[in-house]
Amino acid sequence: HLSLRRQRQMCIRDRLVKIRAKLKEGASVTFEELFEATSVKLEKIVTFMALLEMIARQEILLKQSTPYGRITITAYNLKEDDADAEYMDE
C-alpha cells in the first residue's frame, strides 16, 4: 500500500506533466505504457483523471478499437504551460 505521504503527492497536475513528457518522446502511447510495474490503483485513477482533463483541453486523442481493448493515447495539441489552469484536485 502507498504511504500517506506518497498518496498526497499524487495529483493530476503532476500526472499531466509526466503524460506530456511521455507523448513528446513519441507521438502516441498505450495506457499501460504510462505506468511502472509497481504502480498502484490510485496512480491509475489519477492518471485517468488527468487524461480526461487533457481530452477536455483538446491536447490528446484516445482510441479504443474494442470494448475492454487497449487504449491508445495520441498527442494532438499538447500544452507547454498550464500554470494558470485549475484542476479538480487542487
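Not measured: the values here are computed from a predicted model.
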Asker: Would you say that R57 contacts E53 through its side chain, given a criterion of any heavy-atom pair below 4.5 Å between the two side chains?
Answerer: yes
Asker: Answer yes or no: is there a side-chain heavy-atom contact under 4.5 Å between I55 and L62?
Answerer: yes
Asker: Please lay out, stage by stage, how T30 and I71 fare under the test side chain to side chain contact (heavy atoms under 4.5 Å, CB included).
Answerer: CA-CA 6 Å; T30 65; I71 298 171; over 6 Å; no
Asker: For F35, enumerate each residue passing the side-chain contact (heavy atoms from CB on, under 4.5 Å) test, keeping only those at least two apart in sequence or located in another chain.
Answerer: R15, F31, S39, E43, K44, T47
Asker: Under the salt bridge (Lys or Arg N to Asp or Glu O under 4.0 Å) rule, collect the residues that match up with E25, sequence neighbours excluded.
Answerer: none
Asker: So do I73 and L34 actually touch side chain to side chain, heavy atoms under 4.5 Å?
Answerer: yes
Asker: So K79 and N77, do their side chains get closer than 4.5 Å, heavy atoms only?
Answerer: yes
Asker: Check this for me: does any side-chain nitrogen of one of R70 and E32 sit under 4.0 Å from a carboxylate oxygen of the other?
Answerer: yes
Asker: Looking at residues at least two apart in the chain, or sitting in another chain, which of them share a salt bridge (Lys or Arg N to Asp or Glu O under 4.0 Å) with K24?
Answerer: E80
Asker: Determine which pairs satisfy ring-ring contact (aromatic ring centres under 6.0 Å, His included) with at least one residue from residues 45-74, sequence neighbours left out, and list them in order.
Answerer: none
Asker: Would you compute the distance between atom CD1 of I60 and atom OG of S28 and round it to the nearest 0.5 angstrom?
Answerer: 11.5 Å
Asker: Tell me every residue that passes ring pair (Phe, Tyr, Trp, His ring centres under 6.0 Å) with Y76, counting only those two or more places apart in sequence or in another chain.
Answerer: none
Asker: If hydrophobic clusters are built by linking Ile, Leu, Val, Met, Phe, Trp and Tyr wherever their side-chain heavy atoms come under 4.5 Å apart, do L52 and L61 end up in the same one?
Answerer: no
Asker: Give me the other members of the hydrophobic cluster that V17 sits in, counting Ile, Leu, Val, Met, Phe, Trp and Tyr linked by side-chain heavy atoms under 4.5 Å, directly or via other members.
Answerer: none
Asker: Work out which heavy atom in A50 is nearest to a heavy atom in L16; give both atom names and the distance.
Answerer: O-CD2, 3.5 Å
Asker: What distance separates E59 CD from T74 OG1, expressed to the nearest 0.5 Å?
Answerer: 13.5 Å
Asker: Any side-chain to backbone donor/acceptor pair from Q64 onto G69? Under 3.5 Å, distance only.
Answerer: yes
